Amino acid sequence: MAKRVFFSFHYQDVIDFRANVVRQSWVTKPDREEAGYFDSSLWESSRLKGDSSLKQLINSGLDNTTVTAVLIGSDTYRRRWVRYEIFKSLERGNKLLGIHINSVQCKNKQTKVHGPNPFEYLAVKFNSQGDRVDLCEWDGNKWISYTDVAGWKLTSPQTQNANATKQLSDWYKTYCWVSNNGYQNFGTWVDS
């Protein structure tokens, strides 16, 4: 059965067409089941309406999704709203995966080197009992508190992680759309 996927991306990668290649890859498949997903992502159309409106739009966009695919371009890791989408996805229990898209040719037929992995710049910090996480982001020198999403109590304590700060890159895989043949394998990535 096809999964409902939320795509998180930097809007510049839509302008350059790279994000569209991934998000619209289902169009050339015979049906959505073969593609393995439905696209539930958002455009940043309401970014002029203010932070709370954008948060509300993202939260509603995440409704009924089970997977969040972060499309990684050159500056994705820096984007405030991508970070918000990642942490909200984590909070709601979505599976997360990253897909490097700089090897996809842009509208001018050019490619770029892989951008930094956003999962390396985000972390969860466990309390001393391992039953609560607070969210952190890397400021270039140290982990600081992430303020757009509050931490939460865990239903199953993780005592093995008590007092630990774990980068999301320790848990979530990244792929390259081109070298890992995303067109053929995306459905498998979403399922695993």
Side-chain angles (χ1 to χ4, degrees), residues 2-51 53-55 57-58 60-62 65 67-89 94-122 137-140 148 167-169 172-192:
K3 307 264 190 206
R4 191 162 296 279
V5 177
F6 182 89
F7 287 94
S8 178
F9 49 87
H10 179 2
Y11 191 69
Q12 182 61 47
D13 293 317
V14 171
I15 294 168
D16 290 344
F17 196 67
R18 289 183 174 91
N20 297 342
V21 167
V22 176
R23 292 178 59 234
Q24 296 177 359
S25 64
W26 68 270
V27 172
T28 58
K29 305 266 181 166
D31 62 33
R32 289 290 181 109
E33 288 300 319
E34 184 178 322
Y37 73 97
F38 291 92
D39 181 356
S40 291
S41 58
L42 306 167
W43 297 89
E44 290 187 35
S45 59
S46 69
R47 62 184 160 164
L48 299 177
K49 296 180 184 177
D51 291 356
S53 292
L54 191 49
K55 285 179 182 180
L57 180 68
I58 291 167
S60 66
L62 283 165
T65 64
V67 177
T68 298
V70 181
L71 305 183
I72 305 170
S74 298
D75 292 313
T76 307
Y77 77 106
R78 292 185 212 202
R79 305 304 296 171
R80 175 183 180 191
W81 298 115
V82 167
R83 289 175 179 221
Y84 180 81
E85 291 164 344
I86 291 170
F87 277 138
K88 286 304 282 188
S89 296
N94 277 21
K95 294 178 183 178
L96 286 161
L97 69 135
I99 302 170
H100 289 279
I101 60 173
N102 274 353
S103 54
V104 173
Q105 289 184 352
C106 71
K107 60 187 174 190
N108 298 323
K109 307 289 186 210
Q110 297 175 337
T111 61
K112 298 179 181 178
V113 297
H114 280 184
N117 178 356
F119 299 150
E120 292 178 5
Y121 293 83
L122 302 174
E137 58 186 333
W138 186 251
D139 74 353
D148 280 327
Q167 289 175 269
L168 298 190
S169 59
Y172 300 108
K173 287 183 114 174
T174 59
Y175 303 90
C176 174
W177 184 258
V178 173
S179 66
N180 296 131
N181 195 3
Y183 179 77
Q184 284 299 123
N185 295 319
F186 183 71
T188 304
W189 299 344
V190 165
D191 283 335
S192 64

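Computed from a predicted structure; not experimentally measured.
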Item to complete: Sort out for me which residue in L122, V70, L96 forms a side chain to side chain contact (heavy atoms under 4.5 Å, CB included) with Y172.
Response: L96
Worksheet entry | Reported CD1-to-CH2 distance for the pair I101 and W177, which is rounded to 0.5 angstrom | 10.0 Å
Worksheet item: When rounded to the nearest 0.5 angstrom, what distance separates CG in L97 from OG in S8?
Response: 11.0 Å
Worksheet item: Does R79 reach the main-chain N or O of H10 with its side chain, forming a donor-acceptor pair under 3.5 Å?
Response: no
Worksheet item: In Å and rounded to the nearest 0.5 Å, what is the CG to CG distance from N102 to L71?
Response: 11.0 Å
Fill in: Test item: Y121 and T76 side chains (from C-beta on) under 4.5 Å apart, heavy atoms
no
Discussion item. For the residue pair T68 / N94, report whether a side-chain donor-acceptor contact shorter than 3.5 Å exists.
Written reply: yes
Discussion item. Any side-chain to backbone donor/acceptor pair from R18 onto Q105? Under 3.5 Å, distance only.
Written reply: no
Worksheet item: Which pair of non-hydrogen atoms, one from F119 and one from G98, has the smallest distance, and what is that distance?
Response: CE1-N, 3.6 Å
Worksheet item: Do any N or O atoms from the side chain of N180 and from the backbone of N185 form a donor-acceptor pair under 3.5 angstrom?
Response: no
Item to complete: Using a 4.5 Å cut-off on heavy atoms from C-beta on, say whether the side chain of V178 contacts that of V104.
Response: yes
Item to complete: Give the C-alpha distance, both sets of side-chain angles, the deciding distance and a yes or no for side chain to side chain contact (heavy atoms under 4.5 Å, CB included) between Q167 and W138.
Response: CA-CA 10 Å; Q167 289 175 269; W138 186 251; over 6 Å; no
Practice prompt. Return the minimal non-hydrogen interatomic distance between V190 and K3, and the atom names on each side.
Written response: CG1-CG, 3.4 Å
Discussion item. Students often mix this up, so state it plainly: with edges at 30° and 60°, are the rings of W189 and Y175 parallel, tilted or perpendicular?
Written reply: parallel
Worksheet entry | Worked check of side chain to side chain contact (heavy atoms under 4.5 Å, CB included) between W81 and D51 | CA-CA 10 Å; W81 298 115; D51 291 356; 3.6 Å; yes
Item to complete: Report the C-alpha distance between F9 and V22 in whole Å, list the side-chain angles of each, state the deciding distance to 0.1 Å, and finish with yes or no for side chain to side chain contact (heavy atoms under 4.5 Å, CB included).
Response: CA-CA 11 Å; F9 49 87; V22 176; over 6 Å; no
Discussion item. How close do S169 and N117 get, counting heavy atoms only, and between which atoms?
Written reply: CB-ND2, 4.1 Å
Discussion item. Set out, in order, the CA-CA distance, both residues' side-chain angles and the distance that settles side chain to side chain contact (heavy atoms under 4.5 Å, CB included) for H114 and T174, then state yes or no.
Written reply: CA-CA 11 Å; H114 280 184; T174 59; over 6 Å; no
Fill in: Distance (rounded to the nearest 0.5 Å) between F7 CZ and Q24 CD
10.0 Å
Worksheet entry | Lys/Arg N to Asp/Glu carboxylate O, D148 vs R80, below 4.0 Å | yes
Discussion item. To check you understand the geometry: which heavy-atom pair defines the closest contact between E85 and L62, and what is its length?
Written reply: O-CD1, 4.4 Å
Practice prompt. Could you grab the distance from atom CD1 of I72 to atom SG of C176, nearest 0.5 Å is fine?
Written response: 10.0 Å
Response to the item:
Nearest heavy-atom contact between T65 and V5 is CG2-C, 4.4 Å
Discussion item. Less than 4.5 Å apart, side chain to side chain, heavy atoms only: is that true for K55 and Y84?
Written reply: yes
Worksheet entry | Closest heavy-atom pair and its distance - P118, I86 | CB-CD1, 4.0 Å
